[in-house]
Protein chains: 2
Amino acid sequence: MTATADKLDRVSRRQVDKFEERRRELASAALLTLSELGYARTSLREIAQNSAFSHGVLHYYFRDKNDLITYCVRQYKAQCAQRYDQVVAESPTADALAAGFADAMIATLREDGHMHRLWYDLRSQALFTSSFRSDVLEIDELLEQMIWRVVSRYAELAAVAEPKSSALTYALFDGVFQHALLRHLAGLDVAPTLHSDVLCVLGTVVPRDTDPAVPEQVPATTT
Amino acid sequence: MTATADKLDRVSRRQVDKFEERRRELASAALLTLSELGYARTSLREIAQNSAFSHGVLHYYFRDKNDLITYCVRQYKAQCAQRYDQVVAESPTADALAAGFADAMIATLREDGHMHRLWYDLRSQALFTSSFRSDVLEIDELLEQMIWRVVSRYAELAAVAEPKSSALTYALFDGVFQHALLRHLAGLDVAPTLHSDVLCVLGTVVPRDTDPAVPEQVPATTT
DNA sequence: AAGACGTCTTGACAGGTGTCAAGATTTTCT
DNA sequence: AGAAAATCTTGACACCTGTCAAGACGTCTT
């Protein structure tokens with residue numbers, strides 16, 4: 001009986017894989033549509049139109065619209081929290097890390113601005129719909145850890161004690177990025193401001209008072 | 001002819017006043033519904049049901065749904081930017097201002113959390129719908145000025161030079177508040193954290209290095 | 001008092017939505 | 001190859017949406 005069991009297992013495993021693969025494919029199409037139209041204006045038919053299938057197939061792979069969107073959020077989670085790790089790994093000095101971090105944020109703004117506005121949209125939905133909250137809080141935690149990896153490595157390179165709480169640090173950078181994203185999408189050139197803002201926040205979040213050569217704070221254009 | 005003109009003017013003025021008054025009334029009902037359901041789930045019929053009128057009247061006072069929501073956003077704007085001015089006026093010392101500011105933020109979280117989640121929702125919509133952007137950016141500017149009044153007054157009381165840019169300062173506090181709001185609505189008790197976070201950010205945004213009596217909050221624990 | 005005007009309700013419309021079931025099509029297994 | 005199962009399409013359903021027009025109601029002017 002083990003032979004039959006193995007075969008059945010192989011078969012069902014393969015089917016599950018294919019099933020999961022198509023789920024991912026459809027979720028990708030859904031994420032594309034959502035990031036283009038926003039949560040409020042995205043319908044299942046529109047999602048299907050951005051895929052290779054017709055609208056009925058969505059209910060073959062997902063129970064609900066809620067099920068689909070929750071799956072999308074989780075898929076988004078898996079891909080979004082690994083953006084700055086390369087910068088962390090490749091920066092030899094604290095200053096290089098700071099500059100690389102600021103540049104990476106600007107690149108995120110330009111290249112993944114649409115995905116990030118979707119993230120902010122979904123996080124706003126979580127303020128109303130409790131069913132989204134746990135997933136959103138999970139993603140928030142991942143992003144928080146991602147920022148923390150940057151900041152704590154920065155403190156390590158600068159040979160300074162670790163900074164404030166991880167949650168507060170994340171909230172600060174998140175506020176700065178969100179501010180920049182809105183103005184970027186409005187057509188403004190926010191790259192220089194965002195760059196200096198990131199350096200400034202980084203400088204205050206982990207103060208480098210142990211270095212006697214640095215007299216003042218990071219120079220920022222004062223209005 | 002001036003008599004008739006005056007009378008007509010009086011009459012039309014009164015009618016305009018009544019017209020505007022009802023618009024405000026309906027916009028209030030709409031704001032209530034929006035803050036309860038969120039932008040994506042709010043319909044005109046639901047708005048009317050939260051008012052004393054039927055759904056048809058909305059198109060008597062507003063051209064569009066967009067027109068209504070834009071009017072709502074502007075009405076929200078008028079009321080939201082005057083919250084912390086009392087704290088600014090009544091705080092004699094820098095420390096009192098800081099504590100009052102933190103307390104006021106907690107009070108805002110508790111009492112006006114629903115309105116603020118609507119604000120974040122609408123600001124997210126502005127990331128997708130360009131027609132909302134100008135109004136949202138205007139409100140953002142008002143809130144920025146509100147925060148700036150607090151922070152610059154704090155610097156004045158502490159006899160320290162003015163801090164970083166107004167825009168960056170606002171982005172930081174906004175990030176902190178948004179972070180707290182999500183967790184507050186998720187059922188967590190964020191009041192102590194928010195309080196200490198606000199003090200911490202205030203302390204780093206306007207550094208009080210001239211005062212030798214105040215110890216720094218940064219612990220020297222090395223991991 | 002009577003008509004004019006502002007205000008509000010009702011009911012309909014065209015279109016869009018999520019959902020589902022029946023069947024066509026493709027893939028897989030024996 | 002033929003049966004069985006998985007997959008996909010089509011079309012329908014009930015409901016909801018924004019919008020508008022026709023008319024009812026009330027208020028004010030003359």
Side-chain angles (χ1 to χ4, degrees), chain A residues 1 3-27 29-30 33-34 37-72 125 129 131-132, chain B residues 3-30 33-34 37-72 125 129 131-132:
Chain A
M1 298 301 174
T4 3
D6 274 359
K7 185 157 63 177
L8 283 177
D9 197 43
R10 258 190 295 122
V11 168
S12 70
R13 174 82 46 108
R14 189 168 33 184
Q15 281 173 358
V16 166
D17 284 354
K18 195 173 180 186
F19 193 80
E20 268 303 321
E21 189 187 346
R22 183 117 308 166
R23 270 169 79 97
R24 273 195 293 272
E25 190 181 349
L26 288 171
T33 313
L34 281 164
L37 300 178
Y39 174 83
R41 280 162 289 279
T42 295
S43 69
L44 292 180
R45 285 171 170 82
E46 195 85 29
I47 290 173
Q49 216 151 6
N50 274 25
S51 79
F53 308 97
S54 74
H55 71 272
V57 86
L58 288 169
H59 279 85
Y60 184 77
Y61 289 98
F62 299 96
R63 197 177 347 104
D64 272 324
K65 189 188 185 184
N66 248 346
D67 189 28
L68 166 62
I69 289 191
T70 300
Y71 189 91
C72 285
Q125 296 312 310
T129 309
S131 60
F132 289 165
Chain B
T4 4
D6 274 359
K7 186 155 65 175
L8 284 176
D9 197 43
R10 256 189 296 122
V11 167
S12 70
R13 173 81 47 108
R14 189 168 35 183
Q15 282 174 357
V16 166
D17 284 353
K18 197 174 179 185
F19 193 80
E20 267 303 321
E21 188 187 346
R22 185 117 306 168
R23 270 169 79 97
R24 273 195 293 272
E25 189 182 348
L26 288 171
S28 290
T33 312
L34 282 164
L37 300 179
Y39 173 83
R41 281 162 288 279
T42 295
S43 69
L44 293 180
R45 285 172 170 81
E46 195 86 29
I47 291 173
Q49 215 151 7
N50 272 27
S51 79
F53 308 97
S54 73
H55 72 272
V57 84
L58 288 169
H59 279 85
Y60 184 75
Y61 288 99
F62 299 96
R63 195 179 345 105
D64 273 323
K65 190 187 183 185
N66 248 345
D67 188 28
L68 166 62
I69 289 191
T70 300
Y71 189 91
C72 285
Q125 296 311 310
T129 309
S131 60
F132 289 166

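Letters A, B, ... are given to chains in the order of the sequence lines, protein chains preceding strands, and every chain is numbered from 1.
Residue A:Tyr39 holds its OH atom at 9.0 Å from CG of A:Leu34, rounded to the nearest 0.5 Å. Between B:Glu21 atom CD and B:Leu26 atom CG the span is 11.0 Å, to the nearest 0.5 Å.
Put simply, the side chain of B:Thr42 does not reach to within 4.5 Å of the side chain of B:Ile69, judged on heavy atoms.
Separating the CZ atom of A:Phe53 from the P atom of D:dT9 is a distance of 7 Å, rounded to the nearest angstrom. Atom OH in A:Tyr39 sits roughly 14 Å away from atom P in C:dT17 (whole-Å rounding). Remark: C1' of C:dG18 and CG of A:Leu68 are 12 Å apart, rounded to the nearest angstrom. One atom, CG of B:Leu26, and another, C1' of C:dT7, lie 12 Å apart when rounded to the nearest Å.
Residue contacts for B:Tyr61: at a heavy-atom cut-off of 4.0 Å it reaches the sugar-phosphate backbone alone, with no base atom in range. Among the protein residues, A:Tyr60 comes within range of the nucleic acid bases, having at least one heavy atom under 4.0 Å from a base atom.
Comment: A:Glu20 engages A:Arg23 in a salt bridge, judged by a side-chain N to carboxylate O separation of less than 4.0 angstrom.
Judged as a salt bridge (Lys or Arg N to Asp or Glu O under 4.0 Å), and not counting sequence neighbours, A:Arg24 has no contacts. Contacts of B:Ser131 classified as side-chain contact (heavy atoms from CB on, under 4.5 Å), with partners at least two apart in sequence or in another chain: B:Asn66, B:Thr129. Residues that satisfy the ring-ring contact (aromatic ring centres under 6.0 Å, His included) test with B:Phe62, not counting sequence neighbours, are B:Tyr71.
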Under 3.5 Å donor-acceptor pairs involving side-chain atoms of residues 49-61 of chain B, not counting sequence neighbours:
residue : atom : partner : partner atom : Å
B:Asn50 : ND2  : B:Thr33 : OG1          : 3.3
B:Ser51 : OG   : B:Ala48 : O            : 2.8
B:Ser51 : OG   : B:Phe53 : N            : 3.1

With the criterion being N/O to N/O and under 3.5 Å, what pairs connect the protein with nucleotides 22-24 of chain C, and how long is each?
none

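Residue A:Lys18 places its side chain closer to C:dT27 than to any other of D:dT10, C:dT27, C:dT7.
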Reading nucleotides 11-22 of chain D from 5' to 3' and marking B where a protein heavy atom lies under 4.0 Å of the base, S where only the sugar-phosphate is that close, and - otherwise, the string is BB----BBB---
